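Each remark here refers to the structure printed beneath this line.
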Amino acid sequence: MSDIIPKHSSLPGNMASEIRMPAPVCLIENTEGQLVVNQEALEILSATKNPLVVVAIVGLYRTGKSYLMNKLAGKNKGFSIGSTVQSHTKGIWMWCMPHPKKPDHTLVLLDTEGLGDVEKGDKKNDTQIFALAILLSSTFVYNTMNKIDQRAMDLLHHVTELSNLLWTVSSPDLDGVEDTTNFANFYPDLVWTLRDFYLDLEIDGQLITADEYLEKSLKLKEGTDKSLQNFNLPRLCIKEFFPIRKCFIFDSPAHWKKFAQLETLRNDELDPDFVQQVAAFCSYIFNRSKTKTLSGGIKVNGPQLSSVPHALFLANNISISSPCEDLKSLVQTCVNAISRGDLPCMENSVVALAQIKNSAAVKKAIAHYDQQMDQKLQLPTETLSELLDLHGACEREAIEIFMKNSFKDVNQKFQKQLETLLEARKDDFCNQNMEASWSRCSALLQAIFGPLENEVTQGIYSKPGGHFLFIQKTEELKARYYQQPRKGMQAEKALQRYLQSKQSTSDTILQTDLALTVKQKVIEEARMKAEAARIEAQRLEAIQRYNQQVMEERQRLHLEQVRRMEMFQEYQLRQQERVLQLRFQEQTVNLNREIEDERRRLHNEIQDLQRNIVSQDDTCILL
Ligand SMILES: Nc1nc2c(ncn2[C@@H]2O[C@H](COP(=O)(O)OP(=O)(O)O)[C@@H](O)[C@H]2O)c(=O)[nH]1
Ligand SMILES: [Mg+2]
């Protein structure tokens with residue numbers, strides 16, 4: 001095992017975990033066509049807590065990859081350089097060192113076994129190593145000879161697809177992946193190195209930069225015929241997978257005869273242009289290479305990088321149980337997937353890529369639909385068309401999103417799948433809408449009719465005429481129920497169902513009402529009779545009282561009259577008496593006078609007589 005020298009062992013935190021390796025170690029060994037993870041290398045990687053800048057180089061064998069990586073390491077020796085046609089690096093080699101420009105960062109150089117080694121004759125392993133390098137790195141150096149040609153383009157394209165597939169099969173659960181095409185989150189930046197570049201960098205007499213040369217090589221051609229599609233497809237994929245791209249050209253480092261001793265040559269013994277180009281390359285890598293960063297800006301450290309699948313899950317916002325799983329599970333899972341033969345063969349990779357992209361497009365479209373519906377739909381809707389209109393609008397947006405993100409959707413297989421999913425969601429929303437309407441209406445009915453039910457329980461309507469009152473109240477409450485907004489489509493059905501359920505109550509109230517009414521009638525009649533009798537008695541009594549009063553009055557009047565008559569009679573009597581008395585007195589007076597007159601007369605007569613007698617004396621004596 002290589003020595004790990006902690007640079008600042010007394011310092012706390014990540015500074016204490018800085019690794020200096022005197023020489024590279026094999027991370028993934030390629031022995032007899034099998035990829036085996038080197039546990040020692042994993043442990044070294046796990047020891048660093050620093051953010052990692054991971055630079056991996058891939059390309060055909062014996063194209064000076066190891067030599068260039070040694071330049072990055074600032075060493076002449078390190079990664080094994082083959083001076084014969086037999087490629088020296090078997091698998092992926094790793095060299096960790098303090099980052100020359102970023103304090104507290106670890107630079108991890110990954111050198112890969114050259115592609116296309118005639119001795120191995122196993123292309124599958126080549127591309128698997130290639131794909132692993134893409135997944136592990138933050139800067140991916142693609143090393144090719146002479147110029148950018150179609151073969152190099154196709155190779156990069158296929159391996160990029162393969163790395164994508166490797167990522168897919170290494171991720172046990174992609175259901176939560178929001179956007180599987182969001183490669184930029186975890187895909188490395190691409191640096192294309194062109195060795196022994198011999199072309200003039202000019203177009204139409206205009207000098208161009210290496211980057212412009214790369215972009216020109218990746219330019220799509222317009223048209224739809226098959227050959228153009230074959231031309232465009234790898235370019236499209238490369239552009240999409242590697243949005244950040246850089247190109248470096250290198251002259252031949254020295255005369256070919258010196259190649260065997262190249263690693264021993266000093267800079268002044270090399271081609272000065274090459275030296276300058278290497279310096280520019282190293283400067284770019286040191287200054288511009290990003291840390292291996294997960295989605296959301298989480299920087300990868302050793303233990304995380306060692307968990308490739310987990311890192312990838314994180315990159316897609318998938319929660320993982322243990323984010324500090326070490327590189328073992330990262331590399332191990334990928335290597336296991338490769339060993340199990342989970343990767344589809346390369347010929348199918350375009351189809352597989354299309355499937356991945358289209359599945360992702362379906363997921364993205366569905367996610368958009370779900371998000372929009374979630375945001376805009378308020379259940380229950382008043383009408384079905386309200387729901388269907390909203391579904392229609394969100395469906396259109398979802399299909400648009402799918403269209404934008406889909407890729408080679410042969411026979412609209414995925415679009416149909418999307419439509420089926422949307423249809424299912426629509427049905428689901430319709431059901432939910434009905435359920436929501438039912439619950440809302442049930443709650444409303446309970447709230448509105450609850451007091452009436454209480455009144456029924458209290459027997460308020462168990463009286464003659466109670467049924468009418470009950471019906472009247474029910475109608476009032478129905479009107480109130482109808483006034484409530486957002487009842488949804490179950491409004492009428494729920495009401496009718498409720499009323500039906502209360503029909504027996506209504507019937508009971510009616511029966512009670514009728515029974516009580518008959519009884520009440522008898523009672524009422526009796527009461528009326530009694531009342532009539534009472535009134536009659538009262539009337540008679542009143543008449544009697546009246547008569548009595550009249551009689552008494554008459555009596556009184558009579559008595560009064562009698563009294564008055566008596567008084568009058570008395571008065572008359574007294575008057576009569578007085579008259580009589582007066583008359584009597586008068587008669588008495590008269591009588592007395594008469595008597596007196598008589599007496600006088602008699603007296604006179606007597607006297608006359610007497611005188612006569614006297615005068616006749618002797619005639620007679622009368623007595
Ligand atoms: N033509 C050429 N050969 C190079 C270059 N750089 C290194 N070499 C030589 O190519 C041979 C293979 O180098 P190596 O780095 O092992 O290639 P690798 O297989 O891609 O890693 C060695 O003899 C190197 O000296 C280069 O830029 N151009
Ligand atoms: Mg090599």
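Everything quoted here is computed from the prediction, not taken from an experiment.
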**Asked** Hey, which of L194, V191, L190 is the one that makes side chain to side chain contact (heavy atoms under 4.5 Å, CB included) with C247?
**Response** L194
**Asked** Is the shortest heavy-atom distance from the side chain of D111 to the side chain of W95 under 4.5 Å?
**Response** no
**Message:** Could you measure the distance from the CD atom of Q276 to the CG atom of L270? Nearest 0.5 Å is fine.
**Reply:** 13.0 Å
**Item:** Any side-chain heavy-atom pair of L72 and F281 under 4.5 Å
**Value:** yes
**Fill in**
Nearest heavy-atom contact between N143 and L68 is OD1-CD2, 4.3 Å
**Prompt:** Any donor-acceptor pair under 3.5 Å linking the side chain of T139 with the backbone of D189?
**Reply:** no
**Request:** Could you tell me whether the side chain of H368 and the main chain of I366 form a donor-acceptor pair under 3.5 Å?
**Result:** no
**Message:** Just verifying a value: how many Å separate L422 CG and E395 CD, rounded to the nearest 0.5 Å?
**Reply:** 5.0 Å
**Asked** Between H99 and V53, what is the shortest heavy-atom contact and its length?
**Response** CD2-CG2, 3.6 Å
**Message:** Could you check whether any side-chain heavy atom of L107 comes within less than 4.5 Å of a side-chain heavy atom of P100, counting everything from C-beta outward?
**Reply:** yes
**Request:** Look at atom CG of N411 and say whether more than 12 heavy atoms of other residues, nucleotides or ligands are closer to it than 6.0 Å.
**Result:** no
**Request:** Keeping the roles fixed (side chain from Q277, backbone from D251), state whether a donor-acceptor pair exists under 3.5 Å.
**Result:** yes
**Item:** Smallest separation among heavy atoms of R195 and T63, with atom names
**Value:** NH1-O, 3.4 Å
**Item:** Sidechain-backbone polar pair: K65 side chain, L60 backbone, donor-acceptor under 3.5 Å
**Value:** yes
**Prompt:** Are the side chains of I401 and Y369 in touch, meaning some heavy atoms are under 4.5 Å apart?
**Reply:** no
**Request:** Look at the aromatic rings of Y67 and F274 and report parallel, tilted or perpendicular, splitting at 30° and 60°.
**Result:** parallel
**Asked** What distance do S406 atom OG and I399 atom CD1 have between them, rounded to the nearest 0.5 Å?
**Response** 11.5 Å
**Request:** To the nearest 0.5 Å, tell me how far I249 CD1 sits from T193 OG1.
**Result:** 11.5 Å
**Message:** Show, in sequence, the C-alpha distance, side-chain angles and deciding distance for R245 and E215, and conclude whether the salt bridge (charged side-chain N to carboxylate O under 4.0 Å, His left out) test is met.
**Reply:** CA-CA 9 Å; R245 301 180 285 273; E215 291 312 308; 3.0 Å; yes
**Prompt:** Taking only residues two or more places apart in sequence, or in another chain, which ones meet R396 in a side-chain contact (heavy atoms from CB on, under 4.5 Å)?
**Reply:** A393
**Fill in**
Tightest non-hydrogen contact, residues K219 and F231, listed as O-CE2, 3.5 Å
**Candidate pair N267 and K71, rule side chain to side chain contact (heavy atoms under 4.5 Å, CB included), full reasoning** = CA-CA 11 Å; N267 276 354; K71 292 287 178 200; 3.9 Å; yes
**Prompt:** Which residues pass the side-chain contact (heavy atoms from CB on, under 4.5 Å) test with S252, sequence neighbours left out?
**Reply:** D196, F259
**Complete:** Which of Q417, K416, Q415 passes side chain to side chain donor-acceptor pair (under 3.5 Å) with E419? It is Q415
**Message:** Measuring from atom OH of Y198 to atom CE of M145, what distance do you get when rounded to the nearest 0.5 angstrom?
**Reply:** 10.5 Å
**N/O donor-acceptor pair under 3.5 Å between S137 side chain and V54 backbone** = no
**Request:** Would you mind reporting whether L109 and M97 have side-chain heavy atoms less than 4.5 Å apart?
**Result:** yes
**For W192 against L214, the heavy-atom pair lying closest together** = CE3-CD1, 3.5 Å
**Asked** Who passes side-chain contact (heavy atoms from CB on, under 4.5 Å) against T209, sequence neighbours left out?
**Response** D211, E212
**Message:** Can you confirm whether K101 sits close enough to I285 that some side-chain heavy atom of one is under 4.5 Å from a side-chain heavy atom of the other?
**Reply:** no
**Item:** Shortest non-hydrogen contact from C26 toward W93
**Value:** N-CE3, 3.5 Å
**Item:** Side-chain donor/acceptor of N70 to backbone N/O of K75, under 3.5 Å
**Value:** no
**Message:** Distance check, rounded to the nearest 0.5 Å: L262 atom CG versus K257 atom NZ?
**Reply:** 15.5 Å
**Request:** Can you label the angle between the F140 ring and the Y142 ring as parallel, tilted or perpendicular, going by 30° and 60°?
**Result:** parallel
**Asked** Run the salt bridge (charged side-chain N to carboxylate O under 4.0 Å, His left out) check on D268 and R266 step by step: do they pass?
**Response** CA-CA 5 Å; D268 57 1; R266 298 185 312 273; 3.3 Å; yes
